[in-house]
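Below is one structure, written out as structure tokens, with a few remarks after it.
Chain A is the first sequence line, chain B the second, and so forth, proteins listed ahead of strands; every chain is numbered from 1. What's counted below: heavy atoms across the whole structure, side chains too, no hydrogens, waters or symmetry copies. It should be emphasised that the depicted structure is a prediction, and the values quoted were computed from it without experimental measurement.
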Amino acid sequence: MCYTKVMRFEKVYEPQDTEAKIYALWEASGVFKAGGRAHEHEIDGDKTEAGKQPRETWSTVMPPPNANGNLHIGHGFEMGLKDILARHYRLYGRDVVYIPGADHAGFETWVVYERALEHIDKTRFDFSREELYQQVWDFVANTRHNMEIQIRMLGISCDWNALTFTLDPKVVNTVYDTFRHLWADGLIYRGHKIASFCPQHQTSFADIEITHKEEKGTMWDIAYPIVGGDISATDDIPREIVISTTRPETLLGDTAVAVNPADERYKDYIGLEVKLPLTDRLIPIIADDYVDMSFGTGAVKITPAHDANDFGVGERHSLDDISVIGVDGKMTNEAGEAYAGMVAAEARTKVIEDLEEQELLRGKREIVHTVGHCYKCGSVIQPLLSDQWFIKVRPLAERAAKALENDEIAFYPQNKKNELLAYFNELRDWNISRQIPWGIAIPAFQNVDDESDWIFDSRVTEESIEVDGKKYKRDEDTFDTWFSSGQWPFIVTDYPVYAESSPEAEATSQSLVKYYPNSVMECGTDLLRPWVAKMIMLGLYATDKVPFKEVYFHGMVQDEHGKKMSKSKGNVISPLEVIAEYGADAFRLGVTMNRSAGQAQAFSKSSVIAGRNLCNKLWNMARFVQDKVGEDYGEDWMGADAGNKRDDVNIEGEHEETPVTELDLRNPAEHWVVAELNEAREELEKLLADYRFAESVELVYNTIWHKVADWFIEAEKTAINPPVMAYVLEQCLKLAHPFMPFVTETIWQSLSWTDDLLADEKWGDHAIHDNKKRAEFGKIMKLVEEIRFVEANIPEHKQKDKLIFGDDLLIAENAEMIRGLAKLDEVRPLKDKEQKKLDDGESIGLRLANSERVAWLDIDEKTIERYGSNLRKRVEETRGEIAQLETRLENEAYVAKAPAELVEESKAILELKRDILNRLLRELGE
RNA sequence: GGGUUGUUAGCUCAGUUGGCUAGAGCAUCUCGUUUACACCGAGAGGGUCGGGGGUUCGAGUCCCUCACAACCCACCA
């Protein structure tokens, strides 16, 4: 492995020039592999060696992005967040794995392929399942690795060796295992019931795949003539029953009319028969509680084959079901000659016309109702009676709910737990079969002589098989993609399922078993129900464990104006375009800043710009440090040939960074910066443990820019101390690396004294500071700020001032630093004659009163007067603050009830403010 | 019809358990070529925290209520 020094410090950081090279470096090194490079060289040694404890693991899996698609901004966000965590925990020496995935995207890809078929005037029905599968496979082959390249562009530190494709054999095998176990446990059944069909795609959907939209529609009142019965005896009761419907075409499949048993209006009708309009059939009038008396006419047509509720009614009353609409959305032969072959919408018009002709239409009104649509093509969903595979979901959902109630999984934000609980509590049986060929074939075969005889068999490539002398025909359906991806965490870690063998027995050196359950699942709120819920249910079922210990939901990234991004609106922002313009680090920072868990928020370009600026700032800081430290820096501990050694991996584990033990902190600024960096690191650890990403970015930004660059580097310019500068830079790079990996690594590779990879660095020991010295720098900062304030507030004041100090050791010891920071002409002690003037009560300049220092700026009286008005403003402010504090402390209830420290603090601040006021007044000569 | 979340500076958003002067980035204004950085430095302006009420010594934060917005769920024909 060769890390040739290819990087040079250009004036401006150009991410486009280096990102790909840096990623290649990482990937080749093996740092992203499960456990990192620890097992490859001696850093952590052999785990079996006595005394060595296995490192604590940290793991996460990627929601597999569509293998053939392009990453969208949500992917970039989600992967960026996980990458922050992965890199962060590597820095802490954890045994980390971030497992990538690639999704065959069953339905999505199928839709695209079907469209391509249309172009060559073919349909799916022209081919066998195998042919179609192979064709789709070839169709997507050339774009198969599209998104993998894009993940690299984002700098994601995932273990490519662990990459799992959703059609990999191990996925299929485990999915079959699960299916078989569910079957054996009686949780799989072949359901003859209403399923939601998309007539365009000719497949059924799960409830969750249907989008409901409010739409205007028409409700028709239709008269069904009553046949027979003795109701004719009374003339005032009409010989018809009027029902209301929005879907008159389904009337052809009616097998009853229902009324509420408690409905006085229809009491006498129950048990009678009506003639179903447009047909010759007689259907009964039945009573069922399901009917809402207050809605419409209080009488409902019952079409068991085309409405889920009606199906239920039909079951209760043993009604026939007649399918009048087929899977293609067209009327079937059952609908009668006049309608067969028409699409449902046409049939509706014709039915209305025919009813009108027969004078059976009694009313018509416009209403707004909700209609289910295909989430992909927008077609109106047809509820059709069909045979599908279902999972009895109650036992799974109840177990999952219990795990949630027992807090086995922590949720960020917390309220998502309740949302999920509500979902588990209302979840109904899950249709897991799909009528598309691109997916995992369902391993089930049906006895050709006995429709009800289904067997499990994984020989899905055989169209028919023979078992015990009986011939079986395979099911042509495939699994719902969520059924397989719901098993993702234990599939990708090869975790032994159904307790067939112990996890310990399975664990080999290459095994990822120890990474299950995952430390965290991080994904968008949109995946709560379709994915996270399924993973919890199936994870518990297959492994007896929750699949992850914590779940973090990020909110959806909207466009710059807070609108949902969608292709149809044309407001989609591509992460790749952002990266091309600003770099991957800037993208990652920008998208992470200003966000909180679970909250949908607008994409903010200005945040990306802020991120870009930070990269540049850090870059230039590094250039400066390298320049001051010199090319030879580090030779004394790396050996004289250090410069040449850069060309090889430093596998001897020698010092690759500034040895902390050799650090000699020489001035207050150095003590201060060391303390600030130590605190930032501790704070960062806490923030990330709570998944407070935005605040973490802010912390890093603020530390690097407003602490290290603005104060430490500026202070250091007056007294260069190479080891400390180098150390501070290294700490900054480590602090920032999880958030902006490319620029920090590029810098690491460009510095003369660092070696190996920043991505494989650990937080080592940190330097020790002296608190008193640190506090001194705080005082120096206050003084400098006051000087800057004074100078900025004197109109037309351009000269460089001198600072004169009296009996003030702090200024005396740090005169040069203060001069540099405040851009003063000179900092010098009081001269005798000035002391005399002071003794005589004369002015020697502007007394700096706000910072508790004995010091003056040599400004003449006229200038001081000009400054006076500003000073008076400050006096007023201070008086206001004092008044506020006094009022608070005079409030007996406050003093009695507020915590003692708070009261003490208030008192202390009051003292300080009074002191400041006195000085200000003195400055003004009042 | 139910449920959830939100409404804080011009814009995009932070603000964990109520604690005193509400923060950041970007934008704006003034000044500044100074040993890295104009993708820069120094300084400044800008908020009655959606309206109203309540609890509390103290409310952006808790409670009630109203308004508006977004999202999710739902079998009303």
Does [X] place a side-chain N or O at less than 4.0 Å from the phosphate oxygens OP1/OP2 of [N]?
{"X": "A:Gln599", "N": "B:C13", "answer": "no"}
{"X": "A:Trp220", "N": "B:A77", "answer": "no"}
{"X": "A:Asn620", "N": "B:C39", "answer": "no"}
{"X": "A:Arg428", "N": "B:C75", "answer": "yes"}
{"X": "A:Thr211", "N": "B:C73", "answer": "no"}
{"X": "A:Lys11", "N": "B:C37", "answer": "yes"}
{"X": "A:Lys416", "N": "B:C71", "answer": "no"}
{"X": "A:Arg788", "N": "B:C31", "answer": "no"}
{"X": "A:Asn594", "N": "B:G15", "answer": "no"}

Of the options [options], whose atoms approach the side-chain atoms of [X] most closely?
{"X": "A:His706", "options": "B:G23, B:G25, B:C26", "answer": "B:G25"}
{"X": "A:Ile713", "options": "B:A36, B:G41, B:C26", "answer": "B:A36"}
{"X": "A:Glu881", "options": "B:A77, B:U35, B:U21", "answer": "B:U21"}
{"X": "A:Glu419", "options": "B:U4, B:A42, B:C26", "answer": "B:U4"}
{"X": "A:Lys717", "options": "B:G19, B:U35, B:G23", "answer": "B:U35"}
{"X": "A:Glu426", "options": "B:C26, B:U21, B:C73", "answer": "B:C73"}
{"X": "A:Thr370", "options": "B:G43, B:C72, B:C76", "answer": "B:C76"}
{"X": "A:Ser604", "options": "B:U16, B:U12, B:C76", "answer": "B:U12"}
{"X": "A:Glu714", "options": "B:C75, B:G25, B:C37", "answer": "B:C37"}
{"X": "A:Lys913", "options": "B:C26, B:U21, B:C37", "answer": "B:U21"}

Would you classify [X] as touching base, sugar-phosphate or nothing, given that sugar-phosphate means primed atoms plus P, OP1 and OP2, and contacts are heavy atoms under 4.0 Å?
{"X": "A:Thr303", "result": "nothing"}
{"X": "A:Pro899", "result": "base"}
{"X": "A:Asp690", "result": "nothing"}
{"X": "A:Asn415", "result": "sugar-phosphate"}
{"X": "A:Thr718", "result": "base"}
{"X": "A:Arg247", "result": "nothing"}
{"X": "A:Ser906", "result": "base"}
{"X": "A:Arg623", "result": "sugar-phosphate"}
{"X": "A:Lys800", "result": "nothing"}
{"X": "A:Ala602", "result": "sugar-phosphate"}
{"X": "A:Asp292", "result": "base"}

Fill in the blank from the handout: Whichever of A:Ala622 and A:Asn891 has the more 5' nearest nucleotide on RNA chain B, that residue is A:Ala622

Handout entry: Closest-nucleotide 5' rank along RNA chain B - winner of A:Leu687 and A:Ile210
Key = A:Leu687

Practice task
Report yes or no: is there a donor-acceptor pair, N or O only, under 3.5 Å between the side chain of A:Arg612 and the base of B:C39?
Solution key: yes

Exercise for the section: Answer yes if the ring centres of A:Phe693 and A:Tyr552 are under 6.0 angstrom apart, and no otherwise. Expected result: yes

Practice task
Could you go through the side chain to side chain contact (heavy atoms under 4.5 Å, CB included) check for A:Met593 and A:Glu698 one step at a time?
Solution key: CA-CA 7 Å; A:Met593 260 185 244; A:Glu698 211 173 296; over 6 Å; no

Completion exercise
Heavy-atom nearest pair, A:Pro304 first then A:Gly314, reads CG-CA, 4.3 Å

Handout entry: Any donor-acceptor N or O pair under 3.5 Å, side chains A:Lys301, A:Ser244
Key = no

Practice task
Compute whether any side-chain donor of one residue and acceptor of the other, for A:Gln626 and A:Ser752, lie under 3.5 angstrom apart.
Solution key: yes

Handout entry: Straight-line distance of A:Thr746 OG1 to A:Trp619 CH2, nearest 0.5 Å
Key = 6.0 Å

Exercise for the section: Count the heavy atoms belonging to other residues, nucleotides or ligands that lie under 6.0 Å from NZ of A:Lys605, then report whether that count exceeds 12. Expected result: no

Completion exercise
Across every strand shown, the nucleotide meeting Watson-Crick or G-U wobble geometry with B:U17 (both distances under 3.5 Å) is none

Handout entry: Stepwise side chain to side chain contact (heavy atoms under 4.5 Å, CB included) check, A:Thr303 with A:Thr255
Key = CA-CA 6 Å; A:Thr303 326; A:Thr255 52; over 6 Å; no

